[in-house]
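Structure record follows, encoded as structure tokens.
Position 1 is the first residue of the sequence; numbering continues from there. Numbering of ligands and ligand atoms starts at 1, following listing order. Note that the structure is a prediction, hence the values are computed from the model and not measured.
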Amino acid sequence: MRDKFLYWGAGLIVATIIVSILIGGYYWIPVVLICLYGVGIYNITQSKHAILRNFPVLGYFRYFFESISPEMQQYFIERETDGKPFPRNERSAVYRRAKNISDTVAFGTQLEVNHRKYEGIKHSIYAKSPNEELPRVMVGNHQCSQPYSASLFNISAMSFGSLSDRAQISLNRGAKKGRFYHNTGEGGISPYHMQGGDLCWQIGTGYFGCRDEQGKFSPELFAEKSRIENVKMIEIKLSQGAKPGHGGVLPGVKNTPEIAKIRHVTAGMTIISPPGHSAFSDAAGLLKFVQQLRELSGGKPIGFKLCIGDTKEFEDICAQMNVLKIYPDFITIDGAEGGTGAAPPEFSDGVGMPLEPALIFVNRSLNNYNLRDKLKVIASGKVLTSLDILRAIAMGADMCNNARGFMFALGCIQALRCNTNACPTGVATQDKMLIKGLDVTDKSERVYHFHKNTLHTCNELIAAAGRSTYEEVDASMFMRGDEFEHLSDVYFPDILGNVKQHH
Ligand SMILES: Cc1cc2nc3c(=O)[nH]c(=O)nc-3n(C[C@H](O)[C@H](O)[C@H](O)COP(=O)(O)O)c2cc1C
């Protein structure tokens, strides 16, 4: 883009100067072009705005529509609470936290406050001062010999392939500075993940990075890679909320020779990982695989990620843990509302259980089988704001992962083009011209600040509720209308009682 802009822009200016001299009287045209050229040169050399680096003049149209009067914005673009899957106000909060500028809002809430749907934290008259220290959680039970002290909030699985090399570098450097982990996604460990940040290495049904010639799990390759110092945890991917039971999809346009080499596949082909694992086919097999990975990795924490579907299957895994006495170190629960780089719409819209009921079900099952203290529960699926994090913890999670929030921190504008290789911000593309706009120094700082400021706000909310630690966060901290009446009977009896009396 940069070179094209320089050559074509200069050529156009020279041509219009010649034409205006020849025909006379149109000298303002080259003057305007020279001004635009100057603005363009400024934009392609700045590092703050990927869109303007990639589209030095046209990029202003986006900012123009966004910054004109609120009325114009209301009529022509989106309102604060519009925008899907993430409304503008939530995206703005991430952008501001990532830029480390004030995240306050003026004039009060923009949400419609309807008491029947309302959900909020019960603040205390005896509010405390927030903790400065950011929370950490120890992952690894008695069967794990290399437990890992993780941050409460981490980067969810997104592969190199679905995200660009510069996006991965920025995520990993941000994770290093903020001491949180970066999940590799099922595409394997690339050189861009190796910037010094902690890694959770994800293994999907394609076994990318640890597969043999037939695409089956290779214990030798796994043993070699799992012992990399930065790999702190290993996650077996069973399913993902946005497409449970479908398997990963890497569109052919994004499957570059470099990615193909890392994954041991053929470049240019659309890569669909099988829907299920070939290393096991039932609950006992899964747990024996956990045990195998634990031994091969030298005792690192091993867990699995899934979106809850058939609840009996999850209960079966719990039962088998007690039979075999093999306990994973963590389980990641991904809600049906979770994100993806590419998936058939039916899978995104209508398969799998949303996060909240899934967390409640998983906790209940783990308690029923006396397993709750044996493993950590990690929650993901639109856990974006500090309120989302605390809600997930109140519903039984020990810690949280997030994918799309960290994409916003990298400059994603929710263009919804991750599956086309045409992401305009250089985040979810393999197009070198578009990736050039993403400045890793600036974006890694944003990743660091988004994480830090989000957790800091969590600390403030806990303190506002008169509590000191995350262990004290539970459902009694929240108030809620009767929208979820069936859960409220169990979890919010006092609030439900109040709402009912009111009618
Ligand atoms: C671009 C993109 C790529 C993803 N790649 C993977 C992946 O390789 N493996 C996986 O388990 N989940 C993957 N996910 C899902 C996320 O890890 C996460 O479960 C989900 O997005 C959670 O929702 P959130 O984005 O609201 O945090 C991907 C999501 C996105 C947006």
Could you pull out all residues at least two apart from Asp439 that satisfy side chain to side chain contact (heavy atoms under 4.5 Å, CB included)?
Ser47, Thr441, Asp442
Got a salt bridge between Lys432 and Asp165, using NZ or NE/NH1/NH2 to carboxylate O under 4.0 Å?
yes
Check side chain to side chain contact (heavy atoms under 4.5 Å, CB included) between Tyr448 and all other residues, then give those that pass, not counting sequence neighbours.
Lys177, Glu445, Lys452
Quick one: does any side-chain atom of Asn453 pair with a main-chain N or O of Arg97 as donor and acceptor, under 3.5 Å?
yes
Has Arg136 got more than 12 heavy atoms of other residues, nucleotides or ligands less than 6.0 Å from its CZ?
yes
Under 4.0 Å from ligand 1, residues with heavy atoms, in chain and number order, are Phe86, Ser156, Ala157, Met158, Ser159, Ser162, Gly185, Glu186, Gln202, Lys237, Gln240, Lys305, Asp334, Gly338, Gly339, Thr340, Gly341, Ser380, Gly381, Lys382, Asn402, Ala403, Arg404, Met407
Could you name each residue pair satisfying ring-ring contact (aromatic ring centres under 6.0 Å, His included) that touches residues 224-246, not counting sequence neighbours?
His246-Phe347
